[in-house]
Amino acid sequence: MAQALPRNVELAVERIRRALGTAGCILDRDRIAPFEVDFRALYHGATPLVACPASTAETAEVLAICNDLGVGVVPHGGNTSYCGGATPGEAGTDVVLSLARLNRIREVDPANFSMIAEAGCILADVQSAAERADRFFPLSLGAEGSCQIGGNLSTNAGGLNALRYGVARELVLGLEVVLADGRVLDGLTSLRKDNTGYDLRDLFIGAEGTLGVITAASLKLFPRPRTIETAFLAVRDPAAAVELLARLRAATGDAVTSFEYLPRIAVEFTVRHIPGVADPLDRPFESYVLCEISSAREDPALRSILEASLEEAMHAGLVLDAAIAESIAQRNALWRLRESVPEAQRAEGASIKHDVAVPVAALPEFMRVATAAVLAIVPNGRMVAYGHVGDGNLHFNVSEPVGGDAAFAARSSDIQAAVHDIVRRFRGSISAEHGIGRLKREELARHEGPLALELMHSIKRALDPKGIMNPGKVLAPEAAPQSSKESRP
Ligand code: 2HG
Ligand code: ZN
């Protein structure tokens, strides 16, 4: 039998139902179920209600009610988080706040190279709206067909074009945020320059909904790329990849948009598991790079610059073989291979993921040292280290041994600790683009300096004194959220 809800939660549910009506609430157990588990099925929480406000004002009402009653609120976008950031707690007392109905593009301003999108807009729809105005919104990632821009900003997503255009934070001009107590912070400007006081906007980006709820964002747009060259390269090793990146950045006048590293095993996984993916080269190599250069001009010279640079790199022994896309279909096929690595890795069984960053030049040494450390713990583990080498960001993943191995899961925290300790030696990051969520909360506490942690807790207390915003994510709760003594009906 389902357990009775605490009185404050019951009251919150009642009041939210009244405020949003039936269209704005999901109460049906079957429809609630997908909101209770994260994308990787690492966390299984429970919620009495998914609130689906259709406006900023309704979002504010939900938060005011929950703050008043001391009830936790878990903002929920496209549910593509890797760290359990959008999953309610196991106690079943957090309300889930879906942003899906806040999905209007409020404005596209081609002259100002900006647009205003609500948090629940699907990333691919934001990209298309920009394209219709002959503009480009560069944030791009495998989940773009289902992730929402509010979630992208709340986790400060990186993706495939960060090398040239920056991570999500760098693409934001202004934000509209509902604070924990329901007040609305209207910072929705489209200015390039604004030095008026502390930068409040940047506090909410990457805060994973623990400080407030982003309801809309003013986003930077760029000229649409008109010439794009995409190449799939076999490289000698990771050090060759790093050297090639520097050469290409210089030779193309910094036109390298993406620079993704793939080990052989990642190509094998995708060829094996993803229908239609084929090895782009005739014979196997140890290491690959998928690289894209682009220009906002019609620029036939880009192709010859790329070819000349690759020829030089071949003479220098950095590049061993190359395939340059000759059509959009070929380009799409190369990106499909890259973007389906996570899915292909899932098909190979359990894996341990590390989303780390070190300075680009240190990547080869990091990979060598960290690989040895992992294999010392699980000698048959399969290293699948790939990703955004251009940003120094590797998905330093380990797949379980072929045929599975019960000991693998048991050693996962040892493996993670070993990898993260090495990251620290390189002054790197233990979460380069996926966030902290619930998954890396303890690792954040272990790695972040005491002063930085103290400041983070102070900011949390200042903006969310009752601890209702996405409880237990990013930072461990300091104290149980207090219920308010009285509650208005
Ligand atoms: C990617 O770059 C994603 O494909 C997922 O960030 C990484 O599965 C992963 O570890
Ligand atoms: Zn990634």
Side-chain angles (χ1 to χ4, degrees), residues 38-42 77-86 123-124 138-147 151-169 206 208 241 257-263 265-270 273-274 277 288-292 334-358 360 363 367 370-371 374 381-400 412 415-416 419-420 423 428-437 439-440 443:
D38 68 301
F39 173 70
R40 293 173 65 194
L42 298 175
N79 205 18
T80 58
S81 164
Y82 268 43
C83 302
L123 175 56
L139 188 64
S140 172
L141 38 124
E144 64 198 19
S146 55
C147 63
N152 298 144
L153 302 185
S154 295
T155 53
N156 189 23
L160 304 162
N161 294 333
L163 170 63
R164 168 90 164 276
Y165 297 97
V167 295
R169 183 187 300 285
E208 304 184 41
T257 322
S258 309
F259 197 86
E260 299 284 316
Y261 175 82
L262 295 166
I265 193 169
V267 174
E268 280 170 6
F269 283 4
T270 53
H273 297 290
I274 310 295
V277 169
Y288 303 91
V289 162
L290 174 57
C291 142
E292 194 154 279
L334 294 178
W335 277 111
R336 186 164 146 72
L337 186 160
R338 162 61 186 94
E339 289 183 352
S340 51
V341 174
E343 188 185 334
Q345 197 185 7
R346 256 194 312 282
E348 286 284 326
S351 67
I352 301 166
K353 290 180 184 288
H354 307 94
D355 168 33
V356 305
V358 297
V360 176
L363 274 167
M367 288 167 86
T371 300
V374 170
R382 291 174 290 164
M383 301 306 308
V384 190
Y386 69 98
H388 323 290
V389 156
D391 312 323
N393 173 198
L394 265 190
H395 298 305
F396 193 76
N397 298 346
V398 193
S399 275
E400 67 179 346
S412 74
I415 294 171
Q416 182 181 281
V419 171
H420 288 173
V423 167
S429 168
I430 60 158
S431 177
E433 64 165 3
H434 293 163
I436 298 295
L439 183 68
K440 294 191 191 151
E443 281 298 274

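In this text, all values refer to a predicted model and were calculated from it rather than measured experimentally. For ligands, and for the atoms within them, numbers begin at 1 and follow the listed sequence.
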* Asked: Where the closest heavy atom to atom 6 (O) of ligand 1 is concerned, which of Arg346, His434, His388 has it?
  ->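 When every heavy atom of Arg346, His434, His388 is considered, His434 comes closest to atom 6 (O) of ligand 1.
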
* **From Glu343, His354, Arg338 - option closest to atom 2 (O) of ligand 1 by heavy atom** =>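 Result: the heavy atom closest to atom 2 (O) of ligand 1 is in Arg338.
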
Donor-acceptor pair, distance only, cut-off 3.5 Å: does the side chain of [X] make one with the backbone of [Y]?
X: Asn161; Y: Ser140; result: no
X: Glu208; Y: Thr155; result: no
X: Glu433; Y: Gly159; result: yes

* **Side chains of Asp38 and Asn79, donor plus acceptor under 3.5 Å** =>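 There is no such pair (donor and acceptor under 3.5 Å, judged by atom type) between the side chains of Asp38 and Asn79.
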
* Derivation of the ring-ring contact (aromatic ring centres under 6.0 Å, His included) call for Tyr82 and Phe39 -> CA-CA 7 Å; Tyr82 268 43; Phe39 173 70; 5.8 Å; yes

Between [X] and ligand 1, find which residue part has any heavy-atom pair under 4.0 Å and reply side chain, backbone, both or neither.
X: Val341; value: neither
X: Glu339; value: neither
X: Tyr386; value: side chain

* Can you tell me how far the CD atom of Glu348 sits from the OG atom of Ser399, to the nearest 0.5 Å? -> 6.5 Å

* Atom CG of Leu363 and atom CZ of Phe396: how far apart are they, to the nearest 0.5 Å? -> 10.5 Å

* Asked: Which N, O or S atom name in Glu433 marks its closest approach to the Zn ion (ligand 2)?
  ->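 Nearest to the Zn ion (ligand 2) within Glu433's N, O and S set: OE2.
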
* So which of the N, O or S atoms of His388 lies nearest the Zn ion (ligand 2)? -> NE2

* **Side-chain touch His388/Leu160, heavy atoms, less than 4.5 angstrom** => yes

* Element-labelled atoms of ligand 1 that are located less than 4.0 Å from some non-hydrogen atom of Pro342 -> 4 (O), 5 (C), 8 (O)

For [atom], which protein heavy atom lies nearest, and how many Å away is it?
atom: atom 5 (C) of ligand 1; result: Tyr82 OH, 3.5 Å
atom: atom 8 (O) of ligand 1; result: Lys353 NZ, 2.6 Å
atom: atom 10 (O) of ligand 1; result: Asn397 ND2, 2.9 Å

* Going by heavy atoms, is Glu433 under 4.0 Å from ligand 1? ->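 Glu433: in contact with ligand 1 (<4.0 Å).
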
* Asked: Measuring from the heavy atoms of Gln345, does anything fall under 4.0 Å of ligand 1?
  ->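 No, Gln345 has no heavy atom closer than 4.0 Å to ligand 1.
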
* Do the two ring centres, one from His420 and one from His354, sit under 6.0 Å apart? -> yes

